[in-house]
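Here's the structure we're looking at; comments come further down.
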Amino acid sequence: ECSTINIHALYSGYELDDLRKKAKEEENARLKELIDEHLEREAKKGPEMTLKTFNEKAKCLWDYDPLLQLHDGDLKQEALFATSLVSKLMTGDLPEPNSYRSAVASDHPERTQWIESMGRERSTLSDRGTWVMVPRSSCGRHRPVRCKYVYKKKTNKDGSLQYKSRLVACGYSQIAGMDYFSDQTYAGVCSYPSMRFLMSLACQKGYILSQTDITGAYLESYLDETIFMEPPPDMFMNGQPPRDPKTGEELVCLLKRGLYGLKQAGYAWSQVFKEFLLRDPTYSMGFVEFTGEPNMYRKTFKLNGKEEEIIIGIYVDDCLIASSSEEARKWFMERLEARFPVNPKSSGLITWDSPGLVLSMHVRYDRLKGILELNQIAAIEALAKKINVTDDAPRSLPITENVRLPKLAKPEVSQTDYLSVVGSTLHICQVSRPDCAFAVGVLSRHSATPGAAHMIAARNLVNY
């Protein structure tokens, strides 16, 4: 009636996606040209303006106006903001690969970093004697478990980015009673309240707080069961599994040590560490296990004629250490490093200027003033970015008192996506944000059958 013709169907979805991609590439190329032109103009101003570092190059993109009379702190913030924008433009916010094939693809921008990371992991496994290669015919009634690489970008204590590749066994294919025992399927973790108690006690007594991380902790344990594993994906050549050079028979891995992903690996490691702290005759640590917290240990002793105390909280392979003096801390660390490989990038003192990262908590500690500050801002912002609520209008309550969430007969939205959000908020709530406890409890009642209203409520909670 209005002489209007619908022409949107002239382009397919694939064509529209291709056009959008080309437009984005042209926009980035034009922006890069403008940046290069600006840098060239700055470089021509004289030798004293020669730009060397990436931060300096980014800083010059924002022309400084003397009339603003900004102090050094403002200029530094502007430079950091500029650097983050340009870095994201150049490298993108790349997610971790979800498979070995994706990580080693020739067009993956971070292919080199992931290959080097896998090489370090394989070297660690080889140096520890994690497995021996045996003919597949020797498996008998045992079925080899599969394995895969898991990739993660980890932020170190100093803020640097670390590419981590972990070879894990697919323990879900293990058979109870044959490959593991059902009472050995847990890892030793200190409860969240106990970790907060330890930090609070250290602050009250003026103790030194530090943290450390055991490299390849699960590999420190030996297996009592006979477990075979398929070769890692990077051991295949042209799609063919490794073979015995003499007989030509196909080979599999006979595991000797605990490997990440095995049902009993966490339990085996916790027993090794407990033995080291309580009863190891070589190091004579002499710690005592807390009666109410089986993953917290305490030792009182005399060192150089002075009474010292050390309290340790264990969360799998991460240690939070409160020591009465620097001498006591060094005494413990010397023995720990002699027994286990310690990751220097994740270890060190927790101070106000050098914060620690404990259970995703950003911990700052001023020992002299007796101030301890912790937050999970980074974890909360990462979750908000993941589900894309950063641009939503702010909310003042985690959940409204009159919210109505119906009990559905079947899920309307992805159960995995819903549980991912609820699980993340549950962790944050238990560690540092008890004000969200009621909201998380309400949302968790609908874990089996979430709907659109439940997902909106979960997003509102993250937004809050």
Side-chain angles (χ1 to χ4, degrees), residues 11-40 51 53-55 57-58 61 81-126 146-156 159-170 229-243 253 260-261 345 378 381-388 390-391 414 416-417 420:
Y11 296 95
S12 68
Y14 295 106
E15 290 174 314
L16 288 174
D17 288 340
D18 189 52
L19 290 172
R20 293 190 188 100
K21 184 178 179 181
K22 289 181 178 178
K24 187 65 176 177
E25 290 175 351
E26 292 176 359
E27 179 184 350
N28 287 346
R30 178 55 184 159
L31 187 54
K32 189 175 184 304
E33 289 178 5
L34 293 174
I35 292 174
D36 291 339
E37 291 174 2
H38 192 101
L39 293 176
E40 188 176 350
L51 302 170
T53 67
F54 178 73
N55 277 5
K57 291 181 179 180
L61 297 178
F81 176 68
T83 301
S84 65
L85 290 181
V86 179
S87 177
K88 187 173 182 179
L89 170 67
M90 292 182 172
T91 64
D93 197 6
L94 295 174
E96 294 94 352
N98 55 11
S99 67
Y100 173 77
R101 182 176 296 180
S102 174
V104 300
S106 58
D107 58 345
H108 197 289
E110 297 173 330
R111 178 176 184 267
T112 303
Q113 290 90 328
W114 290 122
I115 290 178
E116 291 176 353
S117 174
M118 285 186 284
R120 291 192 298 269
E121 173 72 357
R122 279 285 305 280
S123 297
T124 300
L125 297 174
S126 177
R146 295 189 296 113
C147 64
K148 66 176 183 178
Y149 278 106
V150 176
Y151 306 97
K152 184 70 176 178
K153 295 178 185 176
K154 181 180 177 182
T155 303
N156 296 314
S160 61
L161 191 64
Q162 180 183 3
Y163 292 82
K164 295 191 69 174
S165 297
R166 182 78 76 190
L167 183 69
V168 300
C170 300
M229 185 183 74
E230 298 287 354
D234 52 341
M235 289 183 69
F236 284 70
M237 300 297 293
N238 299 321
Q240 296 299 316
R243 297 182 179 275
C253 304
Y260 291 89
K345 294 183 179 179
E381 290 181 344
L383 178 59
K385 183 178 179 182
K386 178 181 176 182
I387 65 174
N388 196 26
T390 54
D391 296 329
S414 170
T416 302
D417 294 343
S420 175

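Within the structure, side-chain hydrogen bond (donor to acceptor under 3.5 Å, both in side chains) contacts touching residues 116-126 (residues at least two apart or in different chains) are Ser117-Ser165, Arg122-Asp234.
For the salt bridge (charged side-chain N to carboxylate O under 4.0 Å, His left out) test, no residue two or more places apart in sequence or in another chain qualifies with Lys24. By the side chain to side chain contact (heavy atoms under 4.5 Å, CB included) test, Asp417 is found to be paired with Ser414, Met455, residues two or more places apart in sequence or in another chain being considered. Looking at residues two or more places apart in sequence or on another chain, you find a salt bridge (charged side-chain N to carboxylate O under 4.0 Å, His left out) between Glu33 and Arg30. Legend: residues meeting salt bridge (charged side-chain N to carboxylate O under 4.0 Å, His left out) with Arg166, ordered by chain and number and at least two apart, are absent. Checked against side chain to side chain contact (heavy atoms under 4.5 Å, CB included), Ala384 has the following partners two or more places apart in sequence or in another chain: Val389, Thr390, Val462. In terms of the ring-ring contact (aromatic ring centres under 6.0 Å, His included) criterion, residue partners of Tyr260 (sequence neighbours excluded) are, by chain and number, Tyr218. Remark: Lys164 pairs with no residue by the side chain to side chain donor-acceptor pair (under 3.5 Å) rule, at least two apart or across chains. The side chain to side chain donor-acceptor pair (under 3.5 Å) search around Ser99 returns none, not counting sequence neighbours.
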What donor-acceptor contacts under 3.5 angstrom involve side-chain atoms of residues 105-113, with partners at least two apart or in another chain?
unit_1	atom_1	unit_2	atom_2	d
His108	ND1	Glu110	N	3.0
Glu110	OE1	Lys153	NZ	3.1
Glu110	OE2	Lys153	NZ	3.1
Glu110	OE2	Tyr163	OH	3.0
Arg111	NE	Val104	O	2.7

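Residues Lys386 and Ser420 have side chains in contact (heavy-atom distance under 4.5 Å, counting atoms from C-beta outward). Contact check for Glu25 versus Asn28: no side-chain heavy atoms found under the 4.5 Å cut-off.
Between Pro97 and Tyr151, the shortest heavy-atom distance links the atoms O-CD1, 3.5 Å. Scanning all heavy atoms of the two residues, the minimum distance from Cys253 to Pro231 falls at SG-CA, 4.0 Å.
Around atom NZ of Lys152, no more than 12 heavy atoms belonging to other residues, nucleotides or ligands sit under 6.0 Å away.
A distance of 5.0 Å separates CG in Leu167 from CE in Met229, rounded to the nearest 0.5 Å.
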